[in-house]
Amino acid sequence: MRTALAVINQRIWTVWAPPLAFPTRQNRRLRQALRTLETFLHQQIATRRQQGEPPADLVTWLATRRPEATGEAMPTPQVRDEVLTLWVAGHTTMAAALVWTWLLLDQHPAVADRVQKEGRQARWEALGTAPDLRALPYTRLVIAEALRLYPPTWVTARTPVRAVELGGYTLPAGAVLLLSPYTMHRHPAFWEAPERYEPERFQRERALGRPRYAYFPFGGGPRLCVGRGWALQALPVIVALMARTYRLRLVPGSPIWPVPALTLRPSRALWCTVERQTPPQEAGI
Ligand code: HEM
């Protein structure tokens, strides 16, 4: 996965990338990586179909479910593609969201203190379902603001089905329009001091009146991110759970800036020291 993503990240900014069939060094690396992923996924699917009691996870569900309409299990290549899509779309974005959140918390110690306090007050054993997130209101604002400044999916695309006038331009049917959450999330028409990190701007009173699509880290409409609900539940839980006990401190080094690769990544690895702040009170956490 790492090799495939590294090659794809390079291809994104190449003016002309040779088609995958061309035996360039990079293409060979990518094809080899895709073969490795394919073999791995085929094994996973086959094992789950053969096991009497496969693990209760999404791969099992996709591999073994027989929709009533057809009565047939999904063909293996389709299961493989579904799993690979969820894997890439789910893990690169979540990793980016978390890395930017930790960086911002390191740069804003007062915010990190509040997240820590909230994490310590929450009852962790109860944090299994979406309504329990009410216990983490501030952490949720912190995540929302990180996704504003550094939306992991910094660009998404739409194609008009027929010609349309927009802002004085005629867009032909079939054109590819790139919509950038990164640009929109920092647009001064919609955001006060857009470059400032300020989680409170997502408080209900302050968000009122803001156009809906001034903020779209998960896209929108029928192609809205299918993992949105899951991400918005998992991110605050992960952040608060870690912040209650640990403080990540960035090792000083060269400047960091956002690099628009497949997802928005930091320009270099973020080495951190992990400081344990209090021993956890509850056993097992
Ligand atoms: C912080 C985390 C995430 C961000 C910022 C994010 C962002 C996005 C965006 C912007 C899109 C395109 C939507 C559009 O064009 O309207 C998208 C699509 C998608 N996302 Fe996410 N995503 C995240 C997490 C996840 C997770 C955890 C999963 C899976 C478990 C996931 C699976 C997908 C899939 C499968 C699509 C394609 C949906 C479709 O075209 O119908 N994403 N995501």
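For the numbers below, each heavy atom of this structure counts, side chains included, while hydrogens, waters and symmetry mates do not. Here, residue 1 is the first one in the sequence, and each next residue gets the next number. Every number for a ligand or one of its atoms is a count from 1 in the order of the listing.
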Which pairs of nitrogen or oxygen atoms, taken one from ligand 1 and one from the protein, are under 3.5 angstrom apart?
residue: ligand 1; atom: 15 (O); partner: Thr156; partner atom: OG1; Å: 2.5
residue: ligand 1; atom: 15 (O); partner: Arg158; partner atom: NH1; Å: 2.9
residue: ligand 1; atom: 15 (O); partner: Arg158; partner atom: NH2; Å: 3.4
residue: ligand 1; atom: 16 (O); partner: Arg158; partner atom: NH2; Å: 2.6
residue: ligand 1; atom: 16 (O); partner: Gly220; partner atom: N; Å: 3.0
residue: ligand 1; atom: 16 (O); partner: Gly220; partner atom: O; Å: 3.4
residue: ligand 1; atom: 16 (O); partner: Arg223; partner atom: O; Å: 3.3
residue: ligand 1; atom: 40 (O); partner: Arg223; partner atom: NE; Å: 3.1
residue: ligand 1; atom: 40 (O); partner: Arg223; partner atom: NH2; Å: 2.9
residue: ligand 1; atom: 41 (O); partner: Arg223; partner atom: NE; Å: 3.2
residue: ligand 1; atom: 41 (O); partner: Arg223; partner atom: NH2; Å: 3.1

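Counting non-hydrogen atoms of other residues, nucleotides and ligands closer than 6.0 Å to CD of Glu192 gives a total of 12 or fewer.
Take Glu198 and apply the salt bridge (charged side-chain N to carboxylate O under 4.0 Å, His left out) test, not counting sequence neighbours, and it matches Arg196, Arg201, Arg206.
For Phe202 and Tyr215, the ring centers are positioned less than 6.0 Å apart.
Annotation: cation-pi geometry satisfied between Arg186 and Tyr150 (NZ/CZ under 6.0 angstrom from ring centroid, within 45° of ring axis).
Atom CG of Leu235 and atom CG of Leu147 lie 6.5 Å apart (nearest 0.5 Å).
Hydrophobic clustering (side-chain heavy atoms under 4.5 Å, transitive across Ile, Leu, Val, Met, Phe, Trp, Tyr) keeps Ile8 apart from Val259.
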